[in-house]
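Chain letters run A, B, ... following the sequence lines, proteins first and then strands; every chain starts at 1. Worth saying up front: this structure is predicted, and the values here are computed from it rather than measured.
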Amino acid sequence: MTQLKLYDTYERQVRELIPLKDNDVGLYACGPTVYNYVHIGNLRTYIFEDLLRRTIVHAGFNLKHVMNITDVGHLTSDADSGEDKMEVGSRRSGMSAWEMAEFYADSFKEDLQRLNILPPDIWCKATDHIKEQIAFVEDLEAKNYTYKTSDGIYFDSRKLNSYGYLARLDVEGLQAGARVEQGERRFVTDFALWKFSSPDEQRQMEWESPWGVGFPGWHIECSAMSARYLGDYFDIHCGGKDHIPIHHTNEIAQTEASRGTRLANFWMHGYFLQMEESKMSKSSGDFLRLQSLIDEGFSSLAYRYFCLTAHYRSELSFSWESLKANDTALNRLYEAAFSWGDPTTISEAYMTRFVEHLYEDLNVPRALAVAWELARSDEPDGVKKATLLAFDEIFGLDIAEWEPAQIDIPDEVLNLVSAREEARSQKDWGKADAVREEIRNLGFEVEDSREGPKIKPL
RNA sequence: GGCUGGGUGGCAGAGUGGUUAUGCAGCGGUCUGCAACACCGUUUACGCCGGUUCAAUUCCGACCCCAGCCUCCA
């Protein structure tokens, strides 16, 4: 049997996934901060995680997939100097922080569904786990890894020799090149575990703690919640690559200091979607949502397919042209698969090639190339269909469900089509072409296939 | 400026020390009254300069450019 190999950012190498315990694989994925809609770049990362979890299940492991919702504490600056994004978002949206959290979390879940991204086994919200986070900070305090400033409790990163290993941080270089105010922090890489509510401003989200009224820092939620649901040391932790230098680095530091482990056996990161012009920046408010693509006439699965064409560890350049190209490809695949009829038996030869690529650190682009070779091969239709449907367990493109769109064609157009058939049977090409032009003016295109005329909306 | 990655044909994107995916577009063809659809075939490539090697796009070094983090971001 083929081994499932994955790239681990911590070791910077591809190695076999061997569960820490029995046949069980614990997977923790960093979810969104729900202060706004997610954009298509965010969604690329969740598509990667979906491919990962489908592959883990395909390889025969028992999966426990946990995803958090950050609904408090993520500041507008990772240097712990900015405002809470939730409070800022609340002012912008006119909703309370609590209402807004629910609104954007629901919107996020809807996007996942539209992209055939399977939901995690457990959703967990930071605000539902304040106790666990306080307990975690207390433990760090007892172990002498914290210090207090006027605005919060901070993690003393210099007490950990291994700090920054995940990102291969040059800590001294960071100190030298620092461009931000350190405030009362003792060192650039120190970070907030608990922030005090400001006396000047009434926060919507705040809690009592041993250190006073306030709210948890951003990083502590992941250490606390992953420990609660998956244990102190679990199999895979993933997120976007931008989390490597700060968020994940800090999670590792907290857990290492408190529990003496490095948190996860594998650290996996999805790379960015690259925009043509501007950056895919959420804070500027100018970003593409899944809905933006749908508004332009693309299906959500066309975007999923587009993401399958690039390896998760390479940047992918987004452009409308490129999305269009892949939309065309996907529709050809759908139509071909539909025309093959009922599935019969799976081709072992193609399946083997597919799995080899998939298990080699999720080489989905290669796996997709195998699908196309299969589609254009001499295999019997039933075999093609059965094999492609098996591939689709991973691709998640709903190939089995696809059927040609049913469109309403006005009687006027149908009459014209009949009139044109009449003219064609009499070889009156001039009239046939004139009628076709008339039909075009009504918004429909006629194509003469072997089975008779086909009508499509323009 | 510091650190971490990356630069492949018209576009997107795999991969490899010598046989060079895949998709879209283009071109040629089959089909068709014509067109379209579909299918078949097919051209253009590895940022720049050195080095190692029988052989480098693939390994090493310098340079240029791009991205991420250090300031909001998956």
- request: Start with the C-alpha gap between A/E335 and A/N331, add the side-chain angles, then the distance that decides, and say whether side chain to side chain donor-acceptor pair (under 3.5 Å) holds.
  value: CA-CA 6 Å; A/E335 281 176 35; A/N331 280 316; over 6 Å; no
- prompt: How are the rings of A/F395 and A/F354 set to each other: parallel, tilted or perpendicular (split at 30° and 60°)?
  reply: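 Correct class here is perpendicular.
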message: Once you measure the plane-to-plane angle for A/Y229 and A/H129, does it fall in the parallel (<30°), tilted (30-60°) or perpendicular (>60°) bin?
response: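 It falls in the perpendicular class, over 60°.
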From B/rG33, B/rC24, B/rA21, nucleotide with atom closest to A/T328 side chain: B/rC24
query: salt bridge (charged side-chain N to carboxylate O under 4.0 Å, His left out) with A/E256: which residues, sequence neighbours excluded?
result: none
- prompt: So, is A/R12 near the phosphate of B/rG5, with a side-chain N or O under 4.0 Å from OP1 or OP2?
  reply: yes
Polar atom pairs (N or O), protein with nucleotides 11-14 of chain B, under 3.5 Å:
from	atom 1	to	atom 2	distance (Å)
B/rG13	OP1	A/E315	O	3.2
B/rG13	OP1	A/S317	N	2.8
B/rG13	O2'	A/T309	O	3.1
B/rA14	OP1	A/H311	N	2.7
B/rA14	OP1	A/S314	OG	2.4
B/rA14	O3'	A/N363	ND2	3.4
B/rA14	O2'	A/R366	NE	2.9
B/rA14	N3	A/R366	NH2	3.3

Is a side-chain donor or acceptor of [X] paired with a backbone partner of [Y] at a separation under 3.5 angstrom?
| X | Y | result |
| --- | --- | --- |
| A/N250 | A/H219 | no |
| A/R44 | A/Y271 | yes |
| A/R304 | A/N116 | yes |

Partner residues of [X] under the side-chain hydrogen bond (donor to acceptor under 3.5 Å, both in side chains) criterion, sequence neighbours left out:
| X | answer |
| --- | --- |
| A/S223 | A/Q254, A/T255 |
| A/E403 | none |
| A/S157 | A/T189, A/D190 |
| A/E421 | A/R424 |

task: Indicate yes or no: does A/R436 engage A/D433 in a salt bridge with an N to O separation below 4.0 Å.
output: yes
Looking for any heavy atom pair under 4.0 Å, which part of the strands does [X] touch: base, sugar-phosphate only, or nothing?
| X | answer |
| --- | --- |
| A/V370 | nothing |
| A/H357 | nothing |
| A/G239 | sugar-phosphate |
| A/F48 | nothing |
| A/R420 | base |

When you compare [N] with [M], how far apart are their [atom1] atoms, in angstrom units rounded to a whole number?
| N | M | atom1 | answer |
| --- | --- | --- | --- |
| B/rG13 | B/rU8 | C1' | 9 Å |
| B/rC60 | B/rG6 | P | 11 Å |
| B/rG50 | B/rG17 | P | 24 Å |
| B/rA62 | B/rG51 | P | 16 Å |
| B/rU58 | B/rA67 | P | 23 Å |
| B/rA14 | B/rG7 | P | 9 Å |
| B/rU19 | B/rU57 | C1' | 15 Å |
| B/rC65 | B/rA56 | P | 28 Å |

To the nearest Å, how far apart are [X] [atom1] and [N] [atom2]?
| X | N | atom1 | atom2 | value |
| --- | --- | --- | --- | --- |
| A/R440 | B/rA35 | CZ | C1' | 7 Å |
| A/D433 | B/rA35 | CG | C1' | 8 Å |
| A/F272 | B/rG68 | CZ | C1' | 6 Å |
| A/R353 | B/rU22 | CZ | C1' | 11 Å |
| A/E373 | B/rA21 | CD | C1' | 7 Å |
| A/L308 | B/rA21 | CG | C1' | 16 Å |
| A/K241 | B/rC69 | NZ | P | 8 Å |
| A/D242 | B/rC69 | CG | C1' | 9 Å |

Polar atom pairs between nucleotides 39-44 of chain B and protein, under 3.5 Å, N or O only, would you list them?
none

field: A/K241, A/H248, A/R313 screened by side-chain hydrogen bond (donor to acceptor under 3.5 Å, both in side chains) with A/H269, the one that passes
entry: A/H248
- request: Could you give me the stems involving RNA chain B, meaning stretches of three or more consecutive Watson-Crick or G-U wobble pairs whose two defining distances are both below 3.5 Å?
  value: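 Stem segments, range with range: B:1-7 with B:64-70, B:10-12 with B:22-24, B:26-30 with B:38-42, B:49-51 with B:59-61.
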query: Is A/R436 side chain donor-acceptor paired with the B/rC34 base, going by distance under 3.5 Å alone?
result: yes
message: Can you say whether a donor on the side chain of A/D448 sits under 3.5 Å from an acceptor on the base of B/rC34, or the other way round?
response: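 Yes, a donor-acceptor pair under 3.5 Å.
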field: Stepwise side chain to side chain donor-acceptor pair (under 3.5 Å) test for A/Y312 and A/D361
entry: CA-CA 9 Å; A/Y312 75 92; A/D361 193 31; 2.5 Å; yes
message: If you assign A/T45 and A/V446 each to the RNA chain B nucleotide with the nearest heavy atom, which residue ends up on the more 5' nucleotide?
response: A/V446
task: Go through residues 424-431 of chain A and report each residue with a non-hydrogen atom lying under 4.0 Å from RNA chain B, sorted by number.
output: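 Going residue by residue through residues 424-431 of chain A, the ones with a heavy atom under 4.0 Å of RNA chain B turn out to be A/R424, A/W429.
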Please write out the pairs of protein N or O atoms and N or O atoms of nucleotides 56-61 of chain B separated by less than 3.5 Å, giving the distance to one decimal.
none

- request: Test A/H247 against A/W267 for ring pair (Phe, Tyr, Trp, His ring centres under 6.0 Å), laying out the working first.
  value: CA-CA 12 Å; A/H247 185 51; A/W267 286 85; 9.1 Å; no
message: Using the side chain to side chain contact (heavy atoms under 4.5 Å, CB included) criterion, which residues pair with A/L118? Sequence neighbours excluded.
response: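 A/L118: side chain to side chain contact (heavy atoms under 4.5 Å, CB included) contacts with A/D50, A/R53, A/R54.
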Show every donor-acceptor pair shorter than 3.5 Å between a side-chain atom in residues 366-379 of chain A and any protein atom, with sequence neighbours excluded, or say none if there are none.
from	atom 1	to	atom 2	distance (Å)
A/W372	NE1	A/Y305	OH	2.9
A/E373	OE1	A/R353	NH1	3.3
A/E373	OE1	A/R353	NH2	3.1
A/E373	OE2	A/R353	NH2	3.3
A/S377	OG	A/L374	O	2.7
A/S377	OG	A/E379	N	3.2

